[in-house]
Number of protein chains: 2
Amino acid sequence: MTIKEIAKLANVSLGTVDRVIHKRGKVSKETEKKILDIIDKVNYTPNIYARGLVLNKQYRIKALLPEFRQGQYWEMPVKGMQNAATNLSQFGIQLEVLYFDQNSVTSFNSAAKQLLSYKPDGVILAPVINFEAVKLSKKLKDAQIPYVLIDSLIQNSEPLSFIGQDAFQSGRLAAKLLCTEINLKGSISIISIKNNENYNSTLQQRIEGFKDYIANSDFIDQISLNESHIHVGSPDMPMAIENAIGTKENVDGVFVPSSMIHHVAAYVDRYRQRFPNLKMIGNDLIPNNIRHLEKGTIHYLIGQRPENQGYYALSSFYKHLVLGQRVAEDIYLPLDIITQENLKYYNNNFQYNF
Amino acid sequence: MTIKEIAKLANVSLGTVDRVIHKRGKVSKETEKKILDIIDKVNYTPNIYARGLVLNKQYRIKALLPEFRQGQYWEMPVKGMQNAATNLSQFGIQLEVLYFDQNSVTSFNSAAKQLLSYKPDGVILAPVINFEAVKLSKKLKDAQIPYVLIDSLIQNSEPLSFIGQDAFQSGRLAAKLLCTEINLKGSISIISIKNNENYNSTLQQRIEGFKDYIANSDFIDQISLNESHIHVGSPDMPMAIENAIGTKENVDGVFVPSSMIHHVAAYVDRYRQRFPNLKMIGNDLIPNNIRHLEKGTIHYLIGQRPENQGYYALSSFYKHLVLGQRVAEDIYLPLDIITQENLKYYNNNFQYNF
DNA sequence: TTGTATGCGTTATCAC
DNA sequence: GTGATAACGCATACAA
C-alpha cells in the first residue's frame, strides 16, 4: 500500500496524506481522521527504499572509548562496531571512534568536548571514568543527542539503550564453576587486577556475586576465601601475585574478575611445578587469556561477547535513526562459559549478526 | 558516487554505464574499459535504496521442516525464521513454512512436490529424512533454486549455506562437563532417545564425540559406559529407562544426546530418592528441559541457538538475494553451556540479531 | 486548507 | 553502439 493509493481511497491528494503522516498540520480535522482511519485499516508502512532514497540522510555516530593496545579488551567492542559500520554504511550510518586515557580525566574531558563540537546524531559511551561519564550524559541529554551505554551503566542516565552483562550473575557463575572444579572444598583467592585507578562497578559486582554464591551454598564451611587488589604495571606486581597464591596454605582456586587473569596465569605457568592443581577462572577471551586456556593454565573463561556489544551498540542507532523502530532498553548479553572444548566455536560467527 | 557522476567522468550517458555494470553488452570495448576503470577507481557501490525501489522484487522463500507440537525442538528454529521474516518483509523477503511428518516419507515427498510447484526463490531444508532430502537437493540444484540446510548436513550437497552445530564437538563437551561433575570416575549411561525411525547423524556424532573424549582422557579406566536406544511413545519406555539407569550398579551420570532428556529427567524426578546424586546432561533448551534444569534434575544443557539458526537461515537469503553479498558457507553455532546460573540470560536477546 | 511538481539513484525500454 | 526517458514511492517546496 502506497501513499498514492491511500490518497485515492480518501479522495484527497497525496500531499494531504503526507501532511497527516508527518503531522505537519494544515489539514482539517475531518480529513485527518478519515486518512488516519484508512492508514490504520490498511496497516500502512512506508516503503523503506523510497524513504531512504529521498531522505538520503547521513547519521554521524561518535563512540567515546578507552584507548587500547593490540590484544587488550577494548579492541573487541571496537572491532564489532567497525564491522557494523561497514554493514550499515549503505544506510547512511557513519562511525567515528574517539579515544581517551583511562587514567586521565583531562583526556576524557577533551575528547568529550571534541565529541560535542561535532554535534553527532548519536553517541556510544563507555563510562569507564564514572563521574565524568555522568556529566557527559547530562550534556548529551540537554543537547538531545541519544546515547548508548556499553559495558556498564551509570546512575540516573536515560540512554537509548544499555548493552552489557549482568556482572553480579557473572560472578555467581564463576563461583559455581570454580567450586565444582575444586570439588566444593578448599581455598580460593579472588584477585582484582586493574590497569587504572577508577572505581570499577563491574569488577565489584562480579566479586560480590562470587561471594554471594558461596555464602548461600551448603558447602560454605568447606571454602576459605581471600581477596587481594593488584595494579598492572606496578613494580611489585609479581610479589603481589605471589602473596595472593603462594602463601603457606595451598590455594586451590583463583578467580580474577577481569580480562587481566593472564597476568596471574603467566606467573603460575612460570612456576608450574609449584601449582600442579591450581584451577583458574576469569573473564573475557582476549588473546593472552585464550593462550592460557588452551595451555590449561586457565580452566574457564566467562565471555560477554564484546564484539556483539559493539555491533549491537551501532545497530541500536540503525534501528532508531534509520528504521525508526523502538529499541530494547537494556540488552544483557549471555554469560558464555568457555573451556578448551567449546573454544573453537566461540563467537566464530558474530560477523553474521546483521 | 552515482551512475550519473560516473557517466559524466567517462563522457558517456548513464545508459551506457548501466549496460557495462549489468554486462548487457552493446558497448564498445574501449568505452567499457574506460568505465570499468572509473568504477574501480571510485569504488562505486550501487545505492541500495534506489535499486530496491525500482526493482521492487518479492523473494519467496519456502522452508520445509518437521511438524511439531508446542514446546518441541522445531518450534524454536521456526520462531527465529518468522522473526527474521518480520524484519525482512520490508525488503521483499516472504517466508512460508511447509511441514512434514518425520515418520512418513510420503508426507515429506508430497510437501516437497508442493514446494517445487511454487517455484520459490529459495528453500530452507531440514534434512531429517536423510535419503529423501538428498533427492530433493538434487532437484533444487537442477531447478537452480538456492537452498540452505539447517541442523544437519547431507552428502554431496551444494547448499548456499549450512547452519548448525559441530555435533562431534558437542558430544566431547558434554563428556567433559559430565566427567568433571562426577569427579572423573564412575558409571555413565548414554541414552539415545528419538521420536522417529530415521537415521540421525547428529545424535550419532554426539555420541561418538562423547566416547572420544573419554577414550582419550587419562581417567578412561575410572569410567564405565553403557549405551541404550529408546523410542519415544513406545509402551515400554519406562522400562527401557529403568534398564538404562536403574541397574544394580549405581549410575552416576546420564548423557542424552538430544532434546529428549526430559523424559529421563521426569522418570528420575518421580523416583528422586533412588537417584540422589545422579548427574544429567543433554541438549537443547526446550521448556521441558529448562524446567528440569531449574529443578536441578538436569545439571547442564548444551544449546545450539535454534532460534538463531532459523534467523540466520532466512538472513542468508536476504544477504544473497537482496544485497547480492557472498554468504558464509558453513555457519557453525557456538556450543552454549547452560546451567542454573546463566540460564536467565541465555539467548534473551536473539531477536536483536538483525 | 489542499493539490501539484520535482527529484532522489537505479533499472529498463525505446528511439536514434 | 549510444543516449534519452519513464517509473519506482516518498518528501517537500510551491502553487492555488
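In this text the structure is predicted, and so the values were computed from the model without any measurement. By convention in this document, chain letters (A, B, ...) are assigned in the order of the sequence lines, proteins followed by strands, and residues within each chain are numbered from 1.
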**Q.** Sequence neighbours excluded - salt bridge (charged side-chain N to carboxylate O under 4.0 Å, His left out) pairs with any residue from residues 11-22 of chain B
**A.** B:D18-B:R24

Q | Atom pair distance, as rounded to whole Å: NZ in A:K29 and P in C:dT1 | A | 9 Å

Q. What residues, two or more places apart in sequence or in another chain, satisfy side-chain hydrogen bond (donor to acceptor under 3.5 Å, both in side chains) together with A:D330?
A. none

Determine all donor-acceptor pairs shorter than 3.5 Å in which one atom belongs to a side chain in residues 42-53 of chain A; sequence neighbours excluded.
| from | atom 1 | to | atom 2 | distance (Å) |
| --- | --- | --- | --- | --- |
| A:N47 | OD1 | A:Y49 | N | 2.7 |
| A:N47 | OD1 | A:A50 | N | 3.0 |

**Q.** A:Q114: partners by side-chain hydrogen bond (donor to acceptor under 3.5 Å, both in side chains), with sequence neighbours left out
**A.** A:Y118

(Q) Suppose the criterion is salt bridge (charged side-chain N to carboxylate O under 4.0 Å, His left out): which pairs have a residue in residues 141-151 of chain A, not counting sequence neighbours? (A) A:K141-A:E158

**Q.** Annotated protein contacts, base or backbone, on nucleotides 5-13 of chain C with a non-hydrogen cut-off under 4.0 Å, one of B, S, - each
**A.** --BBBBBB-

Q: Not counting sequence neighbours, list each pair that qualifies as a salt bridge (charged side-chain N to carboxylate O under 4.0 Å, His left out) and has a residue in residues 5-15 of chain B.
A: none

(Q) Donor-acceptor pair, distance only, cut-off 3.5 Å: does the side chain of A:K34 make one with the backbone of A:A10? (A) yes

Q. B:F100: what forms a ring pair (Phe, Tyr, Trp, His ring centres under 6.0 Å) with it, not counting sequence neighbours?
A. B:F108

Q: Only counting residues at least two apart or in another chain, list the ones meeting side-chain hydrogen bond (donor to acceptor under 3.5 Å, both in side chains) with B:E132.
A: B:N109, B:K135

Q) Between the two end axes of the helix from C:dT1-D:dA16 to C:dC16-D:dG1, each built from 5 base pairs, what angle do you get to the nearest 10°? A) 60°

(Q) Counting only side-chain nitrogens and oxygens, does A:S28 get under 4.0 Å of the OP1 or OP2 atom of C:dT1? (A) no

Q) 5' to 3' on DNA chain D, which nucleotides open and close the contacts with chain A (atom under 4.0 Å from a heavy atom)? A) D:dG9 to D:dT12

Q.
Please determine whether a side-chain nitrogen or oxygen atom of A:T31 lies at a distance below 4.0 Å from atom OP1 or OP2 of C:dT2.
A. yes

Q | salt bridge (charged side-chain N to carboxylate O under 4.0 Å, His left out) partners of residues 54-68 of chain B, not counting sequence neighbours, each pair once | A | B:K62-B:E96

